[in-house]
Amino acid sequence: MGSLLSQIWTVIVMNIRSLPKRLWMSLAAVFAVSVVVAVLLSFLAMANGFEQTLAGTGSEKIGIISRKGSRSELNSTVSRDNINILATAPGIARDADNNPVYSAELYVIVNGIKRTTQTEVNLPLRGISLGGFELRDTVEIVAGRQFEPGRNELIVGQGVLAEFDGFELGREVRFGKTTWKVVGVFSTGGSAFESELWADALTVQTQFQRGTTFQTMRVLLEEPGNIEGIKQLAEDDPRMNLDVETEAAYFAEQGSALRGIVVFGWGLSIVMALGALAGALNTMYTSVASRGTEIATLRAIGFSNMSAFFGTLAESIVLSIIGGIVGALVSYLFLDGVTASTLGASFSQVVFDFQMSPQLFKNGIILALIIGLVGGVFPAWRAARLPVTLAFKNSM
Amino acid sequence: MSDEILFELKNVAKKFVKGTESIAVFDNLNMSIKKGDFLAIMGPSGSGKTTLLNLLGGVDKPTAGEINFDGKRVDTLSEGQLAAWRANNIGFIFQFYNLMPMLNANRNVELPLLLTRLGKQQRKKNVAAALELVNLSDRARHMPSEMSGGQQQRVAIARALVSDPKLLLCDEPTGDLDRETADEILGILQLLNSKFGKTIVMVTHDPQAAKYAKRTLHLDKGQFVEKDLAA
Ligand SMILES: Nc1ncnc2c1ncn2[C@@H]1O[C@H](COP(=O)(O)OP(=O)(O)OP(=O)(O)O)[C@@H](O)[C@H]1O
Ligand SMILES: [Mg+2]
């Protein structure tokens with residue numbers, strides 16, 4: 001049976017060499033598969049990038065305290081009294097002066113003009129105390145300077161600067177009746193915080209008439225991941241109706257918001273794959289028809305019908321894998337690292353990058369492979385069933 | 001020609017059924033072919049010449065009757081067994097040569113050898129010898145599209161004989177060639193018969209071509225009319 005392999009190999013070589021004779025049809029099949037794969041990979045890369053961004057946002061070292069069941073910072077309120085009590089909880093790290101490291105934060109929505117579409121979308125403005133910088137060790141002012149407490153000054157995330165108009169260093173920005181000046185640009189190493197505007201918490205409280213309430217409290221944990229002491233304190237006090245989570249857990253929950261996009265991406269790609277499949281079938285049936293005499297002649301010589309089967313199947317798989325690779329490369333070249341923004345779970349814009357990965361690549365190639373297999377197996381079956389007498393048909 | 005019988009057809013019937021219509025090409029055909037024979041089969045279009053060749057070559061099966069080759073029944077073999085039997089015993093030559101357009105002369109001639117246990121070197125030698133025999137050594141690397149009809153048919157003959165089969169089956173081997181080229185091809189077939197002892201069955205419309213054979217059978221309405229042309 002060693003000869004079966006050399007038979008199959010010969011037929012494969014012949015089929016591949018004869019591809020140029022069916023150039024346009026073969027190219028159309030390759031193109032269809034590449035479009036399907038490119039579409040699939042763009043959706044997956046988008047969801048991947050979004051998840052990575054949000055996953056990278058949360059830290060295990062930070063505890064976040066919000067109103068019970070509030071789900072997003074926007075809906076949460078935490079009173080100053082509660083913050084004062086919780087600041088004494090065990091498990092909170094302390095600074096050089098033995099004061100607990102925490103930040104009481106406000107989170108309000110303002111408008112920004114998205115550069116690409118020139119439409120008004122929501123942007124989060126975070127009121128943050130200086131403790132908030134101590135908490136977030138990845139924060140870095142990359143241009144300008146820090147805001148001064150008590151003044152209407154903003155620093156803006158790099159993501160905001162990239163995606164929105166009007167937040168350049170030195171610009172004045174109006175939110176409602178208030179005017180703010182952009183004094184600095186910060187980076188947090190690519191996390192979702194870069195999609196925010198930051199200002200002094202007490203100034204935001206005054207300008208947005210928030211009285212003495214805040215929205216969340218963030219604490220630096222003595223021991224990463226350990227929130228038990230704070231949780232205990234919050235639960236023991238019946239007046240406190242608060243959730244305590246690590247920041248990592250909090251954002252991971254939000255990152256899953258684009259799961260739906262992944263499902264939609266697969267759904268759309270599969271529907272399109274059916275179209276590509278029809279193209280592949282058509283191409284391969286045509287190929288079998290045009291090679292009918294060749295196949296029958298080989299069979300007359302004594303080649304097995306398996307060689308006709310696998311030769312045809314191989315042609316289909318080669319075409320669709322080429323399509324898959326082209327689609328993956330196109331989506332990689334045009335989309336990987338492209339910045340996008342979308343509505344995060346808290347109804348504000350999260351800026352993130354499309355992120356291709358070997359795993360996604362593999363998904364694309366597998367989809368292409370399936371199209372090639374299914375699109376090839378029926379024509380291959382026909383090739384294997386061709387009557388050998390066809391070899392003499394010309395002379396009948 | 002020896003007295004040993006190579007092929008024997010007994011009470012062979014062949015019917016084609018398509019839907020409700022059925023065409024009976026042969027009702028009760030009997031014939032025998034001796035080893036070393038060069039047999040021409042003539043007859044009007046539609047008389048069943050190609051059908052007979054298909055039955056002899058094991059690419060089609062009779063509806064009834066028996067076909068024996070070298071004393072063994074072949075019409076009852078499975079498709080896979082028939083393929084192996086063809087590879088070992090039969091060489092086909094077609095009117096339109098049926099070369100693989102994407103393979104050069106060498107590769108085309110090598111095809112039947114891929115079904116044997118011969119190694120690469122041995123295959124190369126046999127291919128060269130076969131091309132030498134049809135006087136085409138200088139065209140070994142040419143593609144079919146780069147060759148004339150007569151040259152292509154010579155490649156096809158080399159392919160048919162490279163695995164040293166006992167029997168060559170030819171359907172109108174000169175049907176697409178001019179007189180001079182046809183004579184050249186027929187000369188090669190005659191040589192293969194006389195010098196190498198190949199048994200040849202050749203279907204042809206051309207009485208001139210039939211003259212190269214040892215005898216000619218006329219097929220009409222599914223029956224033979226024999227005329228011995230051998231001297
Ligand atoms: N696969 C088939 N299905 C149905 N009918 C067939 C088939 N093959 C051959 N026939 C019929 O059988 C008869 C004999 O055909 P065959 O090809 O053997 O003729 P032929 O003698 O070779 O003719 P020609 O000289 O034109 O080549 C014809 O009537 C043909 O229509
Ligand atoms: Mg015929």
Side-chain angles (χ1 to χ4, degrees), chain A residues 1-23 26 286-312 314-315 318 381-396, chain B residues 16 45-46 48-51 53-55 57-61 79-80 82-104 107-108 110-118 120 123 143 156 159-160 162-163 165 169-173 175-176 203-205:
Chain A
M1 271 295 102
S3 93
L4 182 59
L5 284 183
S6 63
Q7 292 175 45
I8 292 172
W9 181 243
T10 305
V11 177
I12 291 174
V13 168
M14 275 169 36
N15 288 4
I16 305 296
R17 285 200 199 154
S18 69
L19 276 179
K21 277 206 298 192
R22 304 181 293 280
L23 184 65
S26 305
T286 307
S287 161
V288 171
S290 74
R291 291 183 293 112
T293 309
E294 284 173 39
I295 293 168
T297 303
L298 287 175
R299 300 268 285 114
I301 288 173
F303 276 56
S304 86
N305 51 8
M306 282 299 104
S307 61
F309 182 86
F310 286 111
T312 305
E315 178 183 342
V318 165
W381 181 247
R382 176 177 289 181
R385 304 302 312 158
L386 280 179
V388 188
T389 52
L390 196 61
F392 295 91
K393 268 275 146 56
N394 294 330
S395 46
M396 215 179 80
Chain B
F16 290 107
S45 193
K49 304 184 296 294
T50 297
T51 306
L53 220 51
N54 285 341
L55 292 175
V59 300
D60 207 352
K61 287 189 174 189
E79 252 196 69
L82 273 175
W85 173 78
R86 287 195 298 267
N88 287 325
N89 298 293
I90 314 280
F92 289 98
I93 295 163
F94 308 89
Q95 178 177 0
F96 296 104
Y97 334 125
N98 291 20
L99 297 179
M100 302 298 132
M102 292 302 143
L103 304 181
N104 66 22
R107 295 260 173 243
N108 264 290
E110 190 190 15
L111 288 171
L113 297 181
L114 296 178
L115 306 170
T116 66
R117 292 175 179 280
L118 296 183
K120 209 176 174 129
R123 294 205 300 264
M143 302 300 280
R159 180 180 67 186
V162 71
S163 57
L169 295 176
C170 324
D171 197 358
E172 307 270 8
D176 204 40
V203 164
T204 184
H205 269 119

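Residue numbering restarts at 1 for every chain, and letters A, B, ... go by the order of the sequence lines.
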Minimum heavy-atom separation for [X] to [Y], with atom names?
X	Y	value
L103(B)	N108(B)	O-ND2, 2.9 Å
R159(B)	T297(A)	NH2-CG2, 3.8 Å
I90(B)	W85(B)	CD1-CH2, 3.7 Å

Just give me the residue among [options] that pairs up with chain A most often, heavy atom to heavy atom, under 4.5 Å.
options	value
T116(B), T51(B), L99(B), L111(B)	L111(B)
A160(B), P101(B), G175(B), G58(B)	P101(B)
A83(B), G46(B), A84(B)	A83(B)

Determine, stepwise, if the pair L4(A) / F310(A) fulfils side chain to side chain contact (heavy atoms under 4.5 Å, CB included).
CA-CA 10 Å; L4(A) 182 59; F310(A) 286 111; 5.9 Å; no

Where on E110(B) is there a heavy atom nearer than 4.5 Å to chain A: the side chain, the backbone, both, or neither?
neither

Aromatic ring pairing F92(B)/F392(A), orientation class (parallel under 30°, perpendicular over 60°, tilted between):
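Taking F392(A) first and then F92(B), their aromatic rings stand perpendicular (interplane angle over 60°).
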
Check whether T10(A) gets within reach of chain B through its side chain, its backbone, both or neither, counting any heavy atom under 4.5 Å.
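Contact with chain B is through the side chain of T10(A) alone.
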
Is N15(A) close to chain B through its backbone or its side chain, or both, or neither, when contacts mean heavy atoms under 4.5 Å?
neither

May I ask you to decide if V59(B)'s main-chain N or O and N54(B)'s side chain share a donor-acceptor pair within less than 3.5 Å?
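Absent.
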
Counting heavy-atom pairs under 4.5 Å to chain B, which of S18(A), S304(A), A300(A) comes out on top?
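Most heavy-atom pairs under 4.5 Å with chain B: A300(A).
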
